[in-house]
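Notes for the one structure printed next.
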Amino acid sequence: MGMFERDQQVFANAEPLDDSYEPEDIRERDEELEKYQRALQPIIDNRPTSNIFLYGKTGTGKTVATKFMLSHLERDAAEYDDIDLSTVWVSCENLSSSYQVAVALVNTLRENQTKERISTTGYSQQRVFDLLYEELNALGGTVIVVLDEIDNIGHSDEILYGLPRARSNGYVEDVRPVIIGISNDFQFRENLSPKVKDTLAEKEILYPPYDANQLRSILEPRAEKAFYEGVLSGEVVPLCAAFAAQDTGSARQAIRLLREAGELAQAEDADTVTEEHVRDAQEELEKNQLYEGMQELTTQGHAVLCALAYHQALNEVPIRSRDLYERYVNICDRLDTDNVSERRVRDHLSDMNMLGLICVYERNEGLSAGRYHEYELDVPLNAVLDVLLSTNRFEEIANIIQSTATDNDLLQSGISNY
DNA sequence: TCTCCACCGGAAAAGTTGGTGT
DNA sequence: ACACCAACTTTTCCGGTGGAGA
């Protein structure tokens, strides 16, 4: 018998379960699409067009809807000789300022030209904006600028001021920029500077989270395409929809869950995907998320986590921050690493709390001991040690911690959903 | 009800890194 | 070689907080 044998196949075509899959029709968003279409209509009519902002959490269909609308718009605009339409799409996922967005726009616009790409630092902001206006001028006509995940720029919103006013300020001629902003953060507009807030003419479209029924309706056609007939037991799709609806209301999450369930079933050579597979998939995905979160911490983050793990192994948890800091400094000394300030360690702890790796308790003992926080692992000590053991720098100390916690219960400890 | 502990966490300053242009 | 630029990280500084004990 060979080491690799073909598994029982449950997937007919896994593509519809891929993040990048673009469905040919968009479900459960009729109202939003209608609004969207009305907002874009002026482009076809050669009328002034407002900027458009879409608000909604991840996985609520904002990006998919935009891709869908723009491809229709482009196709239809081509029918009219007097419409000169182009689009630029920039994901601001890793861009934290207007400056970087401007750089990314310039580079995207230059993609198909021989001109060189520009670097992400070094120029003054005005310089980059000038380069951007230059590229826009070269394009001419209506230019739709899609800024996906625009909330990443935070308070640095100059681009939202400069771009819409490029023409009235005389930086560009014969170019009408239309901004489509996509934001995961409902508060984003509130946090804009007053100057931008009251001059940015815009249409807003809200994308609320999906409920379980909507998710089911989104999953069904994809599931039908992705799996062989009869492979999915009846409760699988509803359960994926229910889990995702309870948690985030994100279609992406529901789809990932469905795919993971399918992969688990396939791996164990099952001929049907069952409710149990979905539950296992849910657990698996959560576990992966925590594991990745731990691995992506910086060295300093690992040192702090290591200090907490040490106390967990000694069963001295929850532990207040100043004692934890002492242990952390100790570990840094031993590793011959520089240590950071107490304030900075508080930041690392708060990051880890966000990731769900640790839990924080507020204590207040009044005038005898004041207010402080206490910390404890929220994942099993074993899992933390796994990560630390695979990191060269922490291997040795992780071994020491492991031998400290001889008691098996301690290794499992950490209030766990892991 | 008032006080006061101890540190939380926001904000600003300072230091680093990796770039441009002259 | 030098001044300048922006992003990030870390340090410095310090006002604010909420409940036990007076």
Side-chain angles (χ1 to χ4, degrees), chain A residues 90-110 115-135 147 149-163 185 187 190-193 293 296-308 311 316-333 335-355 357-376 378 393:
Chain A
V90 164
S91 166
C92 307
E93 194 182 348
N94 300 307
L95 311 174
S96 60
S97 67
S98 279
Y99 180 91
Q100 290 181 328
V101 171
V103 170
L105 279 171
V106 170
N107 285 333
T108 308
L109 287 165
R110 285 185 174 185
K115 282 196 223 164
E116 277 177 42
R117 313 187 81 236
I118 61 174
S119 90
T120 52
T121 55
Y123 304 104
S124 67
Q125 176 156 296
Q126 194 51 56
R127 186 78 191 275
V128 176
F129 276 33
D130 286 345
L131 289 171
L132 175 56
Y133 296 142
E134 216 170 86
E135 294 301 328
L147 303 174
E149 305 194 34
I150 183 66
D151 46 313
N152 266 347
I153 67 168
H155 297 276
S156 160
D157 53 16
E158 300 88 341
I159 190 90
L160 296 181
Y161 185 79
L163 219 40
D185 179 5
Q187 305 296 311
E190 296 305 306
N191 296 334
L192 291 174
S193 67
E296 279 164 17
L297 293 175
T298 60
T299 303
Q300 289 297 334
H302 280 140
V304 175
L305 188 61
C306 189
L308 185 55
H311 283 283
E316 296 172 355
V317 284
I319 181 167
R320 64 186 301 170
S321 52
R322 75 168 164 211
D323 297 338
L324 184 64
Y325 184 69
E326 211 172 296
R327 165 94 343 145
Y328 153 82
V329 171
N330 223 301
I331 285 171
C332 287
D333 280 353
L335 295 175
D336 215 18
T337 316
D338 291 335
N339 59 18
V340 295
S341 64
E342 242 176 300
R343 177 69 187 81
R344 187 71 191 116
V345 168
R346 280 206 284 277
D347 281 341
H348 282 297
L349 285 168
S350 128
D351 285 352
M352 291 194 278
N353 186 34
M354 294 278 207
L355 289 170
L357 300 178
I358 65 177
C359 36
V360 184
Y361 309 102
E362 269 190 48
R363 287 286 137 80
N364 191 337
E365 292 174 47
L367 72 157
S368 57
R371 286 181 87 206
Y372 56 91
H373 283 180
E374 286 188 329
Y375 302 91
E376 177 174 21
D378 199 14
R393 191 172 241 155

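Numbered from 1 within each chain, the chains take letters A, B, ... in sequence-line order.
Comparing A:Gly366 and A:Gly122 against DNA chain C, the residue whose closest nucleotide sits nearer the 5' end is A:Gly122.
In A:Arg393, the CZ atom is not crowded: 12 or fewer heavy atoms of neighbouring residues, nucleotides or ligands sit closer than 6.0 Å.
Within 4.0 Å (heavy atoms only), A:Ser321 reaches sugar-phosphate atoms of the nucleic acid but no base atom. A:Gln100 comes within 4.0 angstrom of sugar-phosphate atoms only, judged by non-hydrogen atoms across all strands, and of no base. Within the nucleic acid shown, A:Ser350 has no heavy atom closer than 4.0 Å to any nucleic acid atom.
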Pair A:Asp347-A:Arg343, salt bridge (Lys or Arg N to Asp or Glu O under 4.0 Å): steps then yes or no: CA-CA 7 Å; A:Asp347 281 341; A:Arg343 177 69 187 81; 2.9 Å; yes

Given the rule in the salt bridge (Lys or Arg N to Asp or Glu O under 4.0 Å) test, do A:Arg127 and A:Asp130 qualify, once you have shown the distances and angles that lead to the verdict? CA-CA 5 Å; A:Arg127 186 78 191 275; A:Asp130 286 345; over 6 Å; no

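You'll find that the side chain of A:His373 is closest to B:dG9, out of C:dT12, B:dC5, B:dG9. Side-chain atoms of A:Ser124 lie closest to C:dC5 of the nucleotides C:dA7, C:dC5, B:dC8.
A close approach under 4.0 Å does not occur between any side-chain nitrogen or oxygen of A:Thr121 and OP1 or OP2 of B:dT20. Within the structure, a side-chain polar atom (N or O) of A:Arg322 is placed less than 4.0 Å from OP1 or OP2 of B:dC7.
Side chain A:Arg343 to base B:dG9: a donor-acceptor pair is found below 3.5 Å.
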